Amino acid sequence: MARFLAHAAAVAAKDLRLEMRSRERIVSMGVFAVLVAVVFSFALDPTIRARGIAGAMIWVTVLFAGTLGLGRSFALEAEQDALQGLLLSPVDRGALFLGKFAANLVIVLGVELVVFPVYALFFGLDFRGSPAALAGVVGLATVGFMLLGTLFAAMSAHTRLGDTLLPILLLPLLLPVVIFAASATQRLLVGRPPSEVMSAVKVLAAFDLLYLLVCTWAFGHVVEE
Amino acid sequence: MRSHTSRRFRLLLAAAAALCISAPLAVPALAQESASAPASTPSTASTSTEAQPSTATPSTSAPALSNGLPTEPAPPRTLRAYWHVWIAFTLAWLLLFGYVVSVGRRFGKVERELEAMGG
Amino acid sequence: MDTEPQSLRGTRTAAAVLALLAAAGVLAALYMVFFYAPTETSMGIVQRIFYVHVPSAWVAFMAFGIVALCSLGYLWLRDERLDAIAVSAAELGTVFTTIVLLTGPLWGRIAWGAWWVWEPRLTLTLLLWFIYVGYFMLRGAAESAERGKRFAAVLGIVGAVDIPLIHLSVQWFRSQHPKPVILRPEGPTADPEIVQTLLVSLLAFTLLFFALLLYRYGLERLRARVEAARLRAADARPAAPIEGAFR
C-alpha cells in the first residue's frame, strides 16, 4: 500500500514539476477563467443582482476552465508516446491514475484560488461567511470533477477528436457534482449557516468515493497495451 | 435473388408502416363515438372531481363529459390533442422503421463487400 | 476473440421468429391502445401517448443496462460477441430514447401547457440520450477499432454507475424548487383496461427491442466476418497495406 501511494506521489510530482517549469496549463486556465468572469459581467443585464446567480457562474467557469486544462493532461503522453514508458515502469495502473488525478487536482484547485477572489472582486461577493464549509464543498466537488475528468481525458487523448470530445463525454456525467456544488456554494454565498450544506457535503463525499473506486478500476482498461 | 427478397422485405415494411401510421387516425372517430355516450364512465366521475383541483392545468374535454355536465369542450384544443397523439405515434413508428431500413442498407453494403472479396 | 462467426444463420432465424412475435404484439397493442383502452378521464386523449412513451422509456433504460452488463463482460472476457451486443443495444437505446424525448413534449404541451419542463424523469432521459451520443462519438473517434470498443465499454460502465446518481441529484434539486404540476400517468383512477393496455404495450416493445437487437447483432457479426476475411487476405499478401481494416 505504501509502495502504491509512493508511486502515485511520484507520478503526481513528475506532472507537477513539468507544470512548474512550463506553467502553460495553469496560466491558460487562469486567464480563461478570468476572461469568462469578464464576459459574464458584460453579458449579464446590469439590473440583475449577481449575488443571486454567482454560485452557478462560478461553477460554470470552473467546469469550462477545468475541462480546458484536463484536455492537456494526457496530451504530452499521447503526442510523444510517453505513456508507453510509464506503463513499462513497475507502476501499478491504479497508482498511475491516482498520480495523474492528484496533479490535476492541485492545478485546478490553484485555478479556483484565482477564480473565487476574482468573482468576489468583480461582482462584490463575500465568501468570508463560513470559509471551512466553502472549502469543504469546493474541495469535494473538485475531487469528483477531477476523478471523472482524468479518466475521460485519458480516453479522449487517444481519439481523433481529442479535446473536442472531452466536454461532450464529461458534462452529462458531471451533473450530480455540479448540482450539489453550485447549490451549496450559492447558499454559503448568501450567508446561510454551514449546517445547511452539510447534507450536500456528505453526498459529495459519497459520490467521490464511488467515482474513486470506479475510475481507478476503469483506468486500467483504458491504458492497457 | 437477393434483390427479390429485399424488395419483398421493403414492400412488407411499407405496408406495416402504413398500417401503424394510419391506426391513430381512427381515434377522432372513436372519441366522437364515446362522446355521444357519456354515461359510459360514471363510476370515475367522483374521483376525477377530486383530481381536478390538484392538477390545476386546463385539461381536455373528457372530465367535463364524465361529470355529466353539458359543457361544450373547446374544439381547437381538443383537435390539437388528437394531432399530438397522431404525431407522437407516427414519429415513433417512422423512427423505428427508419432504423430498420438503415440496418438493412448497412447489411446490403457489408454483403456486397463480402461477395466482392469472394468470401 | 472468436475466430469466425458461424452462428449467423441461427441468429437470423431467431431474429425472424422474434420479429413475428413482436409484430403480433405491436398489432395487439395498437388495437388495445385505440379500441380497447378507455379515454382517461382527467387527461383526455393525449394520455394515449403514454402507451408508446412509457414502453420506449422502459426499453431505453433496459438497453443501457444491457450495454453496461455486456461492457463489463467484454472488459473481463474480451469476447467480441459481447461488444457486438453492447453496440447493438446502445444504438437501439438511442432510437428509443429519441422516441421518449419526442413523444414526451407532445404530451406535455397539452397536459402541462409547456413543451419542456425540467421534470426529473425527463431530465434523466435527456442526459441518457447525451451519454448514448457520447458512446458513439467516442467509439467512432478512437484511434483503432479495438481501442474504440474498450473506451466505449468503459463509458458504458461509468455511465451506468452515474445514471442513478444523476437521478438522485436531479430529484434532490427538484425538491428544492417549486414542483411543476404533474399529472401522474398512473394516477388515482387507473382503469384496469388502461393498465392492461400499458402492460401489453410494454411486452410488445420489449419483444420489438429484442427482435431488433438480434437483427442488428447479426449485422455486427457479419462485419466481423468481413473484417476477418480482410485480415486473412492481408496476411496472404504481406506487403499490401491493410486499408480500412481499422475503422
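Here the structure is a predicted model, which means the values were calculated and not measured. All chains are named by letter (A, B, ...) in the order of the sequence lines, taking the proteins before the strands, and each is independently numbered beginning at 1.
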**Asked** Between the main-chain N or O of C:Trp107 and the side-chain N or O of B:His84, is there a donor-acceptor pair closer than 3.5 Å?
**Response** no
**Asked** Which atoms of B:Ile87 come close to chain C, meaning under 4.5 Å heavy atom to heavy atom: side chain ones, backbone ones, both, or neither?
**Response** both
**Message:** If the condition is salt bridge (charged side-chain N to carboxylate O under 4.0 Å, His left out), which residues does B:Arg112 pass it with, not counting sequence neighbours?
**Reply:** none
**Item:** Sub-4.5 Å side-chain heavy-atom contact between C:Leu30 and B:Phe89
**Value:** yes
**Proximity breakdown for C:Leu212 and chain B, heavy-atom pairs closer than 4.5 Å** = side chain
**Item:** Contact residues of residues 200-209 of chain C (partner chain B; heavy-atom separation under 4.5 angstrom)
**Value:** C:Phe205, C:Leu208
**Prompt:** Under a 4.0 Å N-O cut-off, is there an ion pair linking B:Glu113 with C:Arg223?
**Reply:** no
**Asked** Would you say B:Trp93 and C:Val26 make side-chain contact, with heavy atoms under 4.5 Å?
**Response** yes
**Prompt:** Given side chains that start at C-beta, do those of B:Tyr99 and C:Leu92 come closer than 4.5 Å, heavy atoms only?
**Reply:** yes
**Item:** Flag side-chain contact, heavy atom, 4.5 Å: C:Phe34 against B:Val85
**Value:** yes
**Request:** Identify, with sequence neighbours excluded, every residue that meets ring-ring contact (aromatic ring centres under 6.0 Å, His included) alongside C:Tyr31.
**Result:** C:Phe35
**Message:** For a 4.5 angstrom cut-off between non-hydrogen side-chain atoms, does C:Arg216 reach B:Arg106?
**Reply:** yes
**Message:** I'd like to know whether the aromatic ring centres of B:Phe107 and C:Tyr215 sit less than 6.0 Å apart in this structure.
**Reply:** yes
**Message:** Within this structure, what is the CG-CG distance for the pair C:Leu102 and B:Leu94, rounded to the nearest 0.5 Å?
**Reply:** 11.0 Å
**Prompt:** How long is the span from the CG atom in B:Leu95 to the OG1 atom in C:Thr98, to the nearest 0.5 Å?
**Reply:** 6.0 Å
**Prompt:** Between B:Ala92 and C:Val52, which heavy-atom pair has the shortest distance, and what is it?
**Reply:** CB-CG2, 3.7 Å
**Asked** Do C:Phe96 and B:Leu96 touch side chain to side chain, with heavy atoms closer than 4.5 Å?
**Response** yes
**Message:** Run the ring-ring contact (aromatic ring centres under 6.0 Å, His included) test against C:Tyr132 and tell me which residues pass, sequence neighbours left out.
**Reply:** C:Phe64
**Message:** Need one label for C:Leu219: side chain, backbone, both or neither, based on atoms under 4.5 Å from any heavy atom in chain B.
**Reply:** both
